[in-house]
2 protein chains.
Amino acid sequence: MEFQEAKDKFISTWGALGTTWGINKAMAQIHALLFISPDPLSMEDIMEDLGISRGNTSMNLRNLIEWGIVHKVNLQGERKEYFSSEKDVTELARQVAKERSRREIEPSIKVLNEVSKIKSDGTAKTEEFIKKTKELYDLADTANSMLLKMVNQEHNWVTKTVIKLFK
Amino acid sequence: MEFQEAKDKFISTWGALGTTWGINKAMAQIHALLFISPDPLSMEDIMEDLGISRGNTSMNLRNLIEWGIVHKVNLQGERKEYFSSEKDVTELARQVAKERSRREIEPSIKVLNEVSKIKSDGTAKTEEFIKKTKELYDLADTANSMLLKMVNQEHNWVTKTVIKLFK
DNA sequence: ATAAACTTTCATATATTATTGAAAGTTCGA
DNA sequence: TCGAACTTTCAATAATATATGAAAGTTTAT
């Protein structure tokens with residue numbers, strides 16, 4: 001396989017994988033491109049390489065920067081901004097997990113907690129409802145705090161401890 | 001809060017959460033409804049309660065059954081089929097993880113492995129590409145086998161061991 | 001073998017989400 | 001302060017994913 005073919009394949013696979021994890025295609029592809037590039041790239045470079053519009057590139061770069069995955073580089077003597085992603089890929093995973101916890105999981109946990117507090121009228125349906133939603137609340141809350149602990153650990157801690165446990 | 005309000009809130013929250021995890025809204029809501037119902041429900045019951053069409057109900061019930069989360073119940077003397085979900089919710093989580101691994105993660109890992117095998121022509125870009133994709137392959141492969149091990153354990157093993165580690 | 005009771009399928013409609021690109025905004029050097 | 005070089009915004013559009021419902025299919029009792 002040629003480099004160019006491998007590169008295209010990698011970028012499109014990464015993009016497809018991203019969309020199933022709450023990262024849109026363009027965002028994942030920009031990340032993929034920067035991730036394998038030895039040098040920083042300009043917005044122009046990225047647009048051209050991926051064949052996406054200026055607006056799309058701009059918005060998704062901003063997101064990646066907000067997520068701490070990509071950062072701006074100013075090359076000396078150049079007006080243009082360049083971008084690079086020298087961060088470890090686990091940083092991306094960490095960030096994705098954090099975002100999803102904050103945006104989706106935590107609000108849901110709050111609702112579970114709320115609804116599990118209705119008082120029973122003694123009927124089977126309310127009893128069952130309270131029992132099940134409580135169960136779910138406990139599970140979700142535990143899983144979420146696990147996730148956050150993992151996410152906030154040093155990279156190597158997770159790798160060493162958890163891998164040892166499973167491999 | 002009244003039971004009906006809590007129920008609606010729970011179902012819509014569960015539906016919203018599902019859509020961000022690769023389960024469509026109707027599928028997640030059907031699961032939610034069955035999950036809190038003390039008795040099996042018919043297709044008619046489900047359609048009516050959630051206000052969704054017959055076709056939608058049928059297709060999503062079939063999916064839930066395929067995933068092993070919901071199953072058919074034949075009540076004595078009744079022609080109609082009934083459905084229930086008496087399984088633990090961790091079974092759902094397990095199933096979701098399994099499906100995603102099979103359908104998304106594993107094919108991606110295969111691609112990573114392929115593309116990381118191109119031979120270097122000595123340029124910085126091919127060197128970087130090979131290095132990064134190999135790194136990614138190792139990470140993804142390790143993470144995936146961890147996931148599968150967790151998923152295939154008994155429910156209590158995960159709960160006990162992992163929670164102990166983090167709590 | 002027939003028909004009533006029920007379920008599934010799938011072409012079409014609807015809703016959701018991502019992308020474009022031109023206009024507005026910003027920054028910087030002269 | 002001006003204007004060239006560049007970036008961001010956002011309304012319009014395109015692409016994608018979901019839902020509908022009528023028709024086709026299946027099962028069962030007689």
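In what follows, chains are A, B, ... by sequence order, proteins preceding strands, each numbered from 1.
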*Pick the nucleotide of DNA chain D nearest each of A:Arg62 and B:Ala26; which residue has the one closer to the 5' end?*
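Per heavy-atom nearest nucleotide, the more 5' residue is A:Arg62.
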_5'-most by nearest nucleotide on DNA chain D - A:Ser58 or B:Gly51_ =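 Its nearest nucleotide lies further toward 5', so the answer is A:Ser58.
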_Taking any heavy-atom pair under 4.0 Å as a contact, classify A:Glu81: base, sugar-phosphate, or nothing._
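Sugar-phosphate, backbone atoms only, no base.
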*B:Asn56 near the nucleic acid: base, sugar-phosphate alone, or nothing, with a heavy-atom cut-off under 4.0 Å?*
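If one applies the 4.0 Å heavy-atom cut-off, B:Asn56 turns out to touch a base.
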*Closest to the A:Asn60 side chain: D:dT8, C:dT19, C:dT8?*
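Closest nucleotide to the A:Asn60 side chain: C:dT19.
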Mind calculating the distance between [atom1] ([X]) and [atom2] ([N]) to the nearest angstrom?
X       : N      : atom1 : atom2 : result
A:Met47 : D:dA5  : CE    : C1'   : 14 Å
B:Lys25 : D:dA19 : NZ    : P     : 7 Å
A:Asp45 : D:dC6  : CG    : P     : 12 Å
A:Arg54 : C:dT26 : CZ    : C1'   : 15 Å
A:Met43 : D:dC6  : CE    : P     : 11 Å

*Strictly by modelled atom types, are B:Glu128 and A:Ser37 linked by a side-chain donor-acceptor pair under 3.5 Å?*
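Side chains of B:Glu128 and A:Ser37: no pair found under 3.5 Å.
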*Quick one: does A:Lys132's side chain have a donor or acceptor within less than 3.5 Å of a partner on B:Phe35's backbone?*
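Confirmed, A:Lys132 side chain pairs with B:Phe35 backbone.
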*Count the heavy atoms of every other residue, nucleotide or ligand shown that sit under 6.0 Å from CD of B:Glu2, and state whether that count exceeds 12.*
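Check fails, neighbour count at 12 or below.
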